[in-house]
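The structure appears right after this line, and notes come after that.
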Amino acid sequence: MLTMTIDGKAAETVAAFDVVNPATGEVADTAPECTADQLDAAMTSAQRAQREWRTDAAARSSAMLALAEAITTHADELSTLLQLETGKPTGVAAVEPGICAAWLQYYASLELSREVLQDDDTALIELVHRPHGVVAAITPWNFPIALGMWKIAPALRAGNAVVIKPSPFTPLAVLRLGQIMGDVLPPGVVNTVTGGDELGAAMVAHPVPRKVSFTGSIAGGKKVALSAAADLKRVTLELGGNDAAIILDDADVASTVARLLPAAFFNSGQACALPKRIFAPANRYEEFVDAFAAAANGMQVGDPIAETTHLGPLSTKPQFERVGELVDEAIAGGARVAAGGHRVDRAGYFFEPTVLADIADSARIVEEEQFGLALPILRYDSVDEAVRRANDTEYGLCGSVWSSDADRATTVVEQLEVGTAYVNTHAVLPPNVQFGGAKASGLGVENGVPGLLSFTEAQVVHRARV
Ligand code: NAD
């Protein structure tokens with residue numbers, strides 16, 4: 001069994017929980033169940049390590065670059081673990097170590113600059129950015145190490161120490177990453193703990209961390225916000241999305257579908273920022289439905305290890321059951337199945353790439369985040385109506401507009417109530433660009449300079465000139 005890393009050392013545990021391989025539905029491994037004492041030890045170790053870690057920005061930058069190299073060296077091993085616990089096809093699993101290295105390199109190169117607010121005869125007033133101290137980082141199962149590093153890299157750069165907890169569905173690659181980090185970073189700078197939702201709740205309630213960075217469901221995010229409010233911990237919440245993609249009537253069908261469908265079904269549809277509701281113009285509706293259906297039918301679902309596989313299984317049993325339920329309910333409610341529509345008849349959590357047409361906005365698969373291989377195509381008559389319906393949701397992560405006229409599309413996309421508004425693309429997330437949700441999709445942002453600043457507390461330094 002892989003061990004947790006606390007204070008730079010392997011932390012042994014008695015209790016363990018099962019980790020299931022979604023490609024078989026069978027237990028693949030076990031992971032340690034963190035005890036309350038071990039969580040205390042992880043927090044205390046982080047607190048101790050942070051006092052030294054915060055003092056030398058250049059040393060932090062060098063250590064982060066060394067960590068990027070170590071992750072690159074271990075990339076295959078990390079991808080193999082990710083594939084085992086998530087069912088990602090080889091190419092998709094291989095993306096995550098690369099993201100980790102890229103985020104570390106990007107943040108290692110950023111400086112937290114001092115800003116002069118006033119410099120005159122009366123005073124020199126500057127704004128500086130201090131680390132919070134210890135950060136509690138809590139992540140979901142869809143991109144276990146990449147979303148972890150979205151938090152770890154900026155938190156470390158800013159001079160914080162981190163205690164990270166992955167999802168109980170996918171703890172393996174993060175445990176291994178924790179060991180790699182333990183070999184490169186000073187003891188305690190990043191501690192890795194594993195366990196269920198109650199461990200996440202205990203981290204948020206713990207007196208040591210001053211900041212909680214959470215990625216997960218809206219329901220989970222609300223609980224975190226409530227608990228963190230008790231002692232006014234700072235929070236960043238990256239939550240669910242139900243992104244609309246509006247296709248305008250001048251869009252080229254082949255190139256639009258060739259880009260939109262792979263985006264919607266990336267990681268078997270299991271990412272926050274993917275197109276999850278497609279709005280197609282009524283006068284070209286059938287043309288687009290046929291093209292989406294043909295593209296979906298051309299995608300190969302199968303063993304994640306096979307080279308021919310485009311789409312692996314859904315990553316968890318509850319998610320597999322939920323997607324099946326949402327699709328069944330939509331069909332029972334009158335939706336037309338243009339492609340797929342069924343669970344695949346084999347062991348594991350495989351679902352056919354599904355395209356649903358003639359579906360009402362009130363269907364649950366339209367109103368809620370499906371997070372799986374099922375895409376509803378909605379018909380609209382006017383662009384204003386499409387925008388209104390796209391915005392008629394509590395979600396506000398991303399949205400996109402597709403057109404042969406980028407200026408026209410920009411005018412439309414800026415009307416969407418979302419954190420990121422794309423034209424002719426979707427779900428492109430570079431490290432230097434802030435990312436966060438409007439409305440119930442989140443609070444605060446990750447990535448870019450604002451993401452770095454979110455791991456700091458601003459301090460005014462006011463020197464009177466006497
Ligand atoms: P989840 O909320 O069930 O769990 C996320 C993490 O929070 C897990 O580690 C879990 O153990 C922990 N947790 C659960 N309850 C908690 C509590 N009360 N206090 C503290 N921690 C708690 O989410 P999930 O099912 O693992 O992930 C899927 C969701 O994540 C989707 O809604 C998806 O859209 C969202 N997501 C958002 C982003 C983003 O950046 N906006 C990225 C990826 C996934």
Side-chain angles (χ1 to χ4, degrees), residues 17 19 22 31 33-34 39 85-86 96 99 103 136-151 163-171 173-175 192-206 209 212-230 233 235-243 266-276 314-323 368-372 393-398 418-420 427 429 431 433-447 451 454:
F17 59 92
V19 181
E33 187 85 64
C34 183
L39 180 61
E85 61 189 346
T86 62
E96 288 201 53
I99 290 178
W103 255 248
I138 301 172
T139 53
W141 46 260
N142 55 341
F143 291 92
I145 62 169
L147 293 178
M149 196 52 75
W150 277 24
K151 304 179 186 314
V163 177
I164 181 162
K165 186 197 93 68
S167 165
F169 290 106
T170 57
V174 173
L175 285 168
T192 329
V193 294
T194 49
D197 295 354
E198 64 294 339
L199 178 63
M203 289 168 71
V204 180
H206 201 280
V212 180
S213 183
F214 173 89
T215 301
S217 60
I218 290 177
K222 285 180 180 170
K223 287 183 196 159
V224 167
L226 274 173
S227 169
K233 289 187 179 80
V235 289
T236 299
L237 304 174
E238 292 288 1
L239 309 178
N242 194 5
D243 295 3
F266 178 62
N267 201 40
S268 293
Q270 301 167 121
C272 50
L274 303 183
K276 293 176 181 148
L314 300 182
S315 292
T316 75
K317 189 161 184 242
Q319 191 53 30
F320 174 63
E321 286 168 352
R322 176 177 156 76
V323 171
E368 297 179 15
E369 180 185 31
Q370 67 274 45
F371 224 64
T393 169
E394 67 169 333
Y395 295 94
L397 198 52
C398 310
V418 294
T420 305
L429 304 169
V433 177
Q434 73 168 56
F435 173 67
K439 295 154 82 174
S441 286
L443 198 66
V445 297
E446 296 194 288
N447 303 341
S454 79

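If you're wondering where the values come from, they're calculated on a predicted model, not measured in any experiment. One-based numbering, in listed order, for ligands and for the atoms of each.
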Starting from [atom], what is the nearest protein heavy atom, named by residue and atom, and what distance separates them?
| atom | answer |
| --- | --- |
| atom 40 (O) of ligand 1 | Glu238 CB, 3.2 Å |
| atom 39 (C) of ligand 1 | Cys272 SG, 3.1 Å |
| atom 27 (O) of ligand 1 | Pro140 CB, 3.2 Å |
| atom 20 (C) of ligand 1 | Gly200 C, 3.2 Å |
| atom 16 (C) of ligand 1 | Asp197 O, 3.9 Å |
| atom 32 (O) of ligand 1 | Glu369 OE1, 2.8 Å |
| atom 26 (O) of ligand 1 | Trp141 CD1, 3.1 Å |

- With Phe214, which residues qualify under ring pair (Phe, Tyr, Trp, His ring centres under 6.0 Å), at least two apart? none

- List for me each residue that meets ring pair (Phe, Tyr, Trp, His ring centres under 6.0 Å) alongside Trp103, sequence neighbours excluded, and say none if there are none. Trp150

- Item | Is_contact(atom 24 (P) of ligand 1), protein non-hydrogen, under 4.0 Å | yes

Any idea which atoms of ligand 1 are less than 4.0 Å away from a heavy-atom of [X]?
| X | value |
| --- | --- |
| Leu147 | 42 (C), 43 (C) |
| Ala201 | 19 (N), 20 (C), 21 (N) |
| Pro166 | 9 (O) |
| Val224 | 19 (N), 20 (C) |

- Query: Is the number of heavy atoms from other residues, nucleotides or ligands under 6.0 Å of Lys223 NZ greater than 12?
  - Reply: no

- Any heavy atom of Phe435 under 4.0 Å from ligand 1? The part involved is side chain

- Heavy atom under 4.0 Å from ligand 1: found in Lys223's side chain, backbone, both, or neither? side chain

Taking the side chain as C-beta and beyond, is there a heavy-atom pair between [X] and [Y] under 4.5 Å?
| X | Y | answer |
| --- | --- | --- |
| Met203 | Val212 | no |
| Leu239 | Lys222 | no |
| Ser315 | Thr170 | no |

Who gets closest to [atom] by heavy atom: [options]?
| atom | options | value |
| --- | --- | --- |
| atom 5 (C) of ligand 1 | Leu239, Thr215, Thr236, Ile138 | Thr215 |
| atom 30 (O) of ligand 1 | Gly241, Ala219, Gly216, Gly437 | Gly216 |
| atom 3 (O) of ligand 1 | Ser217, Ser315, Ala228 | Ser217 |
| atom 43 (C) of ligand 1 | Ile218, Asn142, Thr139, Val445 | Asn142 |

- Dump the intermediate steps for side chain to side chain contact (heavy atoms under 4.5 Å, CB included) on Cys272 and Phe435, then the final yes or no. CA-CA 11 Å; Cys272 50; Phe435 173 67; 4.1 Å; yes

- Task: Give a yes or no answer on whether the side chain of Ser268 reaches the backbone of Gln270 with a donor-acceptor pair at less than 3.5 Å.
- Result: no

- Message: Closer than 3.5 angstrom, by distance alone: can the side chain of Lys151 be matched with the main-chain N or O of Ile138 as a donor-acceptor pair?
- Response: no

[X] side, atom [atom1]; [Y] side, atom [atom2] - distance, nearest 0.5 Å:
| X | Y | atom1 | atom2 | answer |
| --- | --- | --- | --- | --- |
| Phe143 | Ser167 | CZ | OG | 13.5 Å |
| Glu96 | Asn142 | CD | CG | 8.0 Å |
| Thr194 | Leu175 | OG1 | CG | 4.5 Å |

Contact check, [X] vs ligand 1, heavy-atom distance below 4.0 Å:
| X | result |
| --- | --- |
| Gly221 | no |
| Pro168 | yes |
| Phe214 | yes |

- Query: Parallel, tilted or perpendicular: which describes the rings of Phe169 and Trp141, with under 30° parallel and over 60° perpendicular?
  - Reply: perpendicular

